[in-house]
Amino acid sequence: MRTTKRVLNIIHIASEVDPLSKRGGLADVVESLPKALKALGHDVCLFTPLYGSIDRQQFHLQNIKNDIPLKIDATTSVSFHIWKGELPSGITVFFIDNHEYFGRYKTIYLSEEGSIADNARFLFFDLAVLKVIIELNLKPDILHCHDYQSGLVPYFLKYRFRKSKFFKNTATVFTIHNLVFQLGRNWWEVPPELKDDGRLKLPLMTAVDQISAINFMKRAILTADMVNTVSEQYALEVLTPEVGQNLYRLLNSKYDTGRFIGIVNGIDYNEYNPETDPGLFRKFSIDTLQLKQENKIGLQKMFRLPLNPLIPVIGSTSRIAEQKGFDLVMRVVETFAHLPLQLILFGDGGREYISFFKNIARRYPKKIAIQPFESQDETKILAGSDMFLLPSRFEPCGLGQLKSLRYGSIPIVRATGGLIDTVTNYDPRTQKGNGFVFRSYNSKHLLVAVVRAMENFKYAKEWNALVKRGMQLSFSWALPAKKYVKLYRHALHVKNGSDAVDVYSENT
Ligand code: GLC
């Protein structure tokens, strides 16, 4: 019998990777999961587009092949180049370089709200990746695709490369990091006559309207050998019409056949480590917790807030957007400004949100501060704050709360998605729980959670014990990476016996 301990050759495909191109948590996962898989002994590399913003010299990229022709369809042929680089973790990265689609843009996506042109860009990218894998003879066991931007990879593999001997033993895994983003534009804004049912052949590249309507995520769910999302709770939530939106039936059918599961993300415990983090004002550990105060004072200076070690500082590092619950924060922030606390918002977001919070920060400069997100300062906020705010409307996983626990900042979250899997409500009587949780999506409930946190903060001994317990929890990749390996082996199993499985039994 064949041993199941075989080393796997895994290729990750994604539109973001930290530190080259980061918009959100996706980039963190794409950087740190491959590293954890490599540590388990597997061969791992990744593919991503070469955006105009990536500095080839800074990252020592090498140009390995030029002018590779790619016939997308009867109307459109393009050519592209391949570059190769290495992440700090030693993972090899291949870059698809094409000026028209990527090089001329400084941003990853063409607009904050999504763009109809992004579909064409990522359709090209997905096909180019498959071509390069053959060209470089990479022989993958697994193509692990992240979010909609790489969603046509499983589709192409299943149809266009159906007869390819090269991919005969290659299985596909598709990870949903956020079901709201299914294609370059908002799925609910696609006119009914253009809606993609996922089954028809792809339109020609010259049919711009139809191209812009391709639902990458739907096609990925339909065709990938295994599908997963980034927490167990969110996996259950997307089976309901409210959270699963237009795809909940499809996800149910995948779930019923054992081909859709949830795996909670981890974070890199070496990178996010208050004992060694060079980005902090002062390093600290559970044994030197008093040094965390110096980070608090440093943060208050950085945001020009009154220097006061006793006032609770609440930090936030997420996108200032509705998904993250900032419409709730808007409704109670005026009340926050009258409480003995300081609120630091470190994030980007929609124009209306930002101007609202900038305005309130101008009115209450001693209480509220806001600055755009800067990766290199993220852990300063976590280390310097006492509490971490993430009142999400929905949250596939959320990484901020995992990082905040590591830096001794207690999460205040709403019970949804991955936040349920990772944060439990603190009960001062039993001293159980690692954060402050509220249930219904309601600003008063958020306010109550914040006040509860502030009340508990007054009891220094118990609070420090809560902080230490949080710092000792383990949300590293060690366990989730093993679950992914299991998922990969299962995907190979599905692929080998998949001819009989009809993934199109769904009729939405
Ligand atoms: C997306 C989700 C977030 C998740 C991250 C990484 O940004 O919104 O919840 O943690 O992807 O999987």
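Keep in mind that the numbers below use all heavy atoms, side chains included, and drop hydrogens, waters and symmetry copies. What you are looking at is a predicted structure, and each value in this text was computed from that prediction instead of being measured. Order of listing sets the numbers, starting from 1, for every ligand and every atom in it.
Every protein residue with a heavy atom nearer than 4.0 Å to ligand 1 is included here: G25, L26, V29, H177, N178, V230, N265, Q323, E395, P396, C397, G398, L399.
With sequence neighbours excluded, the residues satisfying side chain to side chain contact (heavy atoms under 4.5 Å, CB included) with F303 are L299, L305, I344, F346, A369, Q371, I381. In this view, T170 satisfies the side chain to side chain donor-acceptor pair (under 3.5 Å) rule with no residue, not counting sequence neighbours.
Applying the salt bridge (charged side-chain N to carboxylate O under 4.0 Å, His left out) test to pairs two or more places apart or on separate chains, those with a residue in residues 379-401 are K296-D386, E322-R393, K324-E395, D327-R393, D377-K380.
Judged by distance alone, the side chains of E237 and Y248 never bring a donor and an acceptor atom under 3.5 Å apart. Between the side chains of Y148 and N215, no donor N or O sits under 3.5 Å from an acceptor N or O.
A distance of 6.0 Å or more separates the ring centres of Y101 and Y51.
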